[in-house]
Amino acid sequence: MPRSSFAPVALLFALLTTLLGALVGYYFFLKTPESFRAQGLFQVSQSLVLNEEKASRIVIEDFPIIIKSEGVLRGAIEFGKLTEKELFAGLDAASLIEILKQSDDLTAESAAKESGTVLIVLSYTCSDSELAADVVGSIFKSLEAWAKEEGRQFEVKPLNLPKFGSFYGPMIAPFVASGAAIGFVLGLLVAFLLLSSLYPSGDRDSSSRERLP
């Protein structure tokens, strides 16, 4: 087979493997569980301190870290009875605290900051829409109770607390596109290797020399 005939055959094979790759990507999309993200927005402000001796040394910028502290998470578990939820079945409070502390699904970020005030965006992502909102709401209640403890001069106000989590993923496009891209590249590579093994360059060179006068 002439070298010029390689390209159409390889391209056709690559198109077939592209289709196969897209189907494989779609299969993995169907097998990936849905996830939902609940986001809550609340304001933390520093109130007037009448007794400086009891004033907390915690600064307002610490709150995104405080949200993942053991005390706040333990309070959230108690407020929301989170260990009784189906997704957390079989976990005790200590185990669930460690999971939430280390999880990237629970995030707290400062959205805006003014003098003595900071806005916190609290997010939690999981496979249960209602539970995602429960976790956010429970953490807010626990943080509010924590801020009211004696010696702490902070006030926590909810600006927006979710009732349900919003659909977060997966999206079909990345799965299908990735599968198709991998299929196309592998198709071209396999086609080239197969055609090269069936029609080695040495045979083509020798046959060309035989046809020379």
Side-chain angles (χ1 to χ4, degrees), residues 25-26 28-47 56 58-114 116-149 152 154-178:
Y26 181 68
F28 280 104
F29 163 75
L30 294 177
K31 290 295 183 180
T32 303
E34 292 183 337
S35 61
F36 299 87
R37 169 170 286 186
Q39 281 192 331
L41 177 66
F42 53 89
Q43 175 183 289
V44 179
S45 56
Q46 205 157 13
S47 58
S56 170
I58 297 170
V59 295
I60 204 165
E61 289 80 7
D62 291 334
F63 269 79
I65 301 172
I66 292 169
I67 285 171
K68 278 197 167 187
S69 67
E70 182 173 347
V72 171
L73 292 178
R74 186 176 297 280
I77 291 170
E78 294 174 358
F79 275 114
K81 299 180 179 180
L82 299 182
T83 52
E84 299 178 13
K85 304 296 184 181
E86 183 178 356
L87 193 63
F88 300 140
L91 294 174
D92 58 17
S95 300
L96 184 52
I97 287 170
E98 287 304 313
I99 290 173
L100 293 175
K101 284 172 68 174
Q102 299 175 18
S103 175
D104 293 333
D105 293 327
L106 177 63
T107 61
E109 298 176 348
S110 300
K113 184 175 66 173
E114 297 179 0
T117 302
V118 65
L119 296 182
I120 304 292
V121 178
L122 176 63
S123 304
Y124 184 66
T125 306
C126 68
S127 59
D128 186 322
S129 172
E130 188 173 350
L131 177 60
D134 286 345
V135 170
V136 171
S138 299
I139 291 177
F140 163 74
K141 290 179 181 178
S142 178
L143 186 65
E144 186 180 37
W146 178 91
K148 290 179 179 178
E149 290 181 9
R152 298 193 175 121
F154 299 102
E155 184 181 8
V156 181
K157 288 183 179 180
L159 301 181
N160 180 34
L161 288 179
K163 294 183 179 179
F164 298 96
S166 302
F167 179 76
Y168 189 65
M171 301 297 181
I172 186 172
F175 282 84
V176 174
S178 298

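Among pairs with a residue in residues 63-82, those fulfilling salt bridge (charged side-chain N to carboxylate O under 4.0 Å, His left out) read Glu70-Arg74, at least two apart in sequence or across chains. Note on residues 129-140: pairs passing salt bridge (charged side-chain N to carboxylate O under 4.0 Å, His left out), not counting sequence neighbours, are Lys85-Asp134. Legend: salt bridge (charged side-chain N to carboxylate O under 4.0 Å, His left out) pairs involving residues 95-108, not counting sequence neighbours, sorted by first then second residue: Glu98-Lys101.
Listed by chain and residue number, Val24, Phe175 satisfy the side chain to side chain contact (heavy atoms under 4.5 Å, CB included) test with Phe28 (two or more places apart in sequence, or in another chain). With sequence neighbours excluded, the residues forming a side chain to side chain contact (heavy atoms under 4.5 Å, CB included) with Leu91 are Phe88, Ser95, Leu96, Ile99, listed by chain and number. In this view, Ser127 and Leu87 satisfy the side chain to side chain contact (heavy atoms under 4.5 Å, CB included) rule, not counting sequence neighbours. For Gln39, the side-chain hydrogen bond (donor to acceptor under 3.5 Å, both in side chains) partners are Ser123, not counting sequence neighbours. Residues that satisfy the ring-ring contact (aromatic ring centres under 6.0 Å, His included) test with Phe42, not counting sequence neighbours, are Phe140. Under the side chain to side chain contact (heavy atoms under 4.5 Å, CB included) criterion, Ala133 pairs with Ala38, Pro162, not counting sequence neighbours.
In this structure, the separation between CD1 on Ile66 and OG on Ser142 is 11.5 Å, given to the nearest 0.5 Å. To the nearest 0.5 Å, atoms CZ (Arg37) and OG1 (Thr107) are separated by 5.5 Å.
Using a 4.5 Å heavy-atom cutoff, the side chains of Ile139 and Leu73 are in contact. At least one side-chain heavy atom of Ile120 sits under 4.5 Å from a side-chain heavy atom of Ser110. Between Leu122 and Leu143 there is no side-chain heavy-atom pair separated by less than 4.5 Å.
Listed for the Ser103 side chain is no donor-acceptor partner under 3.5 Å among the backbone atoms of Leu100.
Minimum heavy-atom separation, Ala108 to Ile67: CB-CD1, 3.7 Å. Residues Gly80 and Ser138 approach most closely at CA-OG, 3.2 Å, considering heavy atoms. For the residue pair Ser35 and Thr125, the shortest heavy atom distance occurs at CB-CG2, 4.0 Å. Shown here for Ala147 and Val156, the closest heavy-atom pair between the two residues is CB-CG2, 3.8 Å. Heavy atoms only, all atoms of each residue included: Thr117 and Ser45 are closest at OG1-CB, 3.8 Å.
The number of heavy-atom neighbours closer than 6.0 Å to CZ of Phe79, taken from other residues, nucleotides and ligands shown, is above 12.
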